[in-house]
There are 2 protein chains.
Amino acid sequence: MPRGWYGGGPGGWWQRQFRGGGYRITMPRQIILQVLDESKRHLSAEDIYLKVYQIYPTIGLTTVYRTLELLVRMGLVFKFDFGDGRARYELTRGDGNLSHHHHLICTNCGRIIDYDDFIEEELELIKKTRQELEKKYGFEIRNHTLQFYGLCKKCKAIKE
Amino acid sequence: MPRGWYGGGPGGWWQRQFRGGGYRITMPRQIILQVLDESKRHLSAEDIYLKVYQIYPTIGLTTVYRTLELLVRMGLVFKFDFGDGRARYELTRGDGNLSHHHHLICTNCGRIIDYDDFIEEELELIKKTRQELEKKYGFEIRNHTLQFYGLCKKCKAIKE
DNA sequence: ATATTATTGAAAATGATTATCAATAAGGAA
DNA sequence: TTCCTTATTGATAATCATTTTCAATAATAT
């Protein structure tokens, strides 16, 4: 049961933000949000397209791209680049400035692992860094990514 | 005067590694390395192509891509993705496992700022995280990136 | 219910990167 | 040094994710 999907009043938690921005609430948009909400993380545009297609077969890939762009602009979705040539998307989940978006990426097989260990120390460091950078460069930080590249267990075993 | 370019014996510091790997030392490769060494950071493949072209006009873009791929595979160069659709490259500079590759990226104008503040705390955190991740997931970490996204001074001013 | 206009989806366009392949040149052997 | 083997090169074509175009459609305000 996805967190927050039914909460926040009738019609879904994000609809308020849509109406406020002058955006229309359409079937494709509802279903894309639903798929993002029900899914594991880091889906590619095509992954999302295929899942939406199951529910709403007249969907077009173009619409998926356009909707994702909108959602990123609205801050509801994060866009990642893992270096394999396709972008990945995941819901922001509403924690605002303190969401974590950290991954281990196997440079051999492309496997991606999420992790959320060492959050406290990390938050501390990020907070300090953020303040320092805002002061020093006048940069307003909206979010950050921390990614580790290397070999996953399997690929390490194979290479030995 | 680029650090290390003339050091490490006759012919350049990286030539040993090339010969050891069975790779040939060619003019295009030499000049691409030279350009990377003399340049500021995070160049795109086309940036590199244009700079090499000044010195060696028969260079082909294909060769630039192929050479960069080789250099990344050899660990001499890092490849970054800032989310603007083109990869960026920069020399590893030989610090091995402790190089820093951190950027502030303006999501409005694409400006990229390097930073290296808070290195000590960060190294500490990275070291702990690395150990933990290697133990927990059997992942062998080769390197990492930390990137901040937001609005640079100028874009912030414009949006106000 | 109707008018307005944001949104959609198919198809074509774009732009970065990769594959193909004949010609060339690096480095070892004679 | 000269010859041979084969890695490397560069022009061209191909690929693949993402964008643009544009007429048709549908969401909202009136």
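A, B, ... follow the sequence lines: proteins, then strands. Residue 1 opens every chain. Please read these numbers as outputs of a predicted model, since none were measured by experiment.
- Side-chain contact check for A/L71 versus A/L33: some heavy-atom pair is nearer than 4.5 Å.
- Note that CD1 of B/I59 is 6.5 Å distant from OG1 of B/T67, once rounded to the nearest 0.5 Å.
- A straight line from CD1 of A/I32 to C1' of C/dT8 spans 11 Å, rounded to a whole angstrom.
- Shown for residues 50-74 of chain B: residues whose heavy atoms fall under 4.0 angstrom of DNA chain C, namely B/T62, B/Y65, B/R66.
- Rounding to the nearest 0.5 Å gives a distance of 9.5 Å between CD1 of B/I48 and OH of B/Y65.
- One can place CG of B/L43 at 17 Å from C1' of C/dT17, the figure rounded to the nearest angstrom.
- At distances below 3.5 Å, at least one donor-acceptor pair connects side-chain atoms of B/D47 with backbone N or O atoms of B/S44.
- Using a 4.0 Å heavy-atom cutoff across all strands shown, B/R24 reaches at least one base atom of the nucleic acid.
- By the ring pair (Phe, Tyr, Trp, His ring centres under 6.0 Å) test, A/F18 is found to be paired with A/W14, residues two or more places apart in sequence or in another chain being considered.
- A/I126 has its side chain within reach of B/L146: a pair of non-hydrogen atoms, C-beta onward, lies under 4.5 Å apart.
- Every residue meeting the side-chain hydrogen bond (donor to acceptor under 3.5 Å, both in side chains) condition with B/Y149, not counting sequence neighbours, appears here in chain and number order: B/Q147.
- Between B/L68 and B/L36 the shortest side-chain heavy-atom distance falls below 4.5 Å.
- Among residues two or more places apart in sequence or in another chain, the side-chain hydrogen bond (donor to acceptor under 3.5 Å, both in side chains) test is passed with B/D114 by B/H42, B/H103.
- The CD-C1' distance, from B/E46 to C/dG15, rounds to 10 Å in whole Å.
- Across the protein-nucleic acid pair, B/Y23 atom OH and C/dA25 atom C1' stand 19 Å apart, rounded to whole Å.
- End-to-end axis angle of the helix from C/dA1-D/dT30 to C/dA30-D/dT1, from C1' rotation axes over five pairs per end: 40° (rounded to 10 degrees).
- Boundaries of the chain B contact region on DNA chain D are D/dT6 to D/dT12, first to last in 5' to 3' order (nucleotide atom under 4.0 Å from a heavy atom).
- For the pair B/T107 and A/R142, the minimum side-chain heavy-atom distance is 4.5 Å or more.
- Two residues are said to be in side-chain contact when any heavy atoms from C-beta on lie closer than 4.5 Å; B/L43 and B/Y89 fail this criterion.
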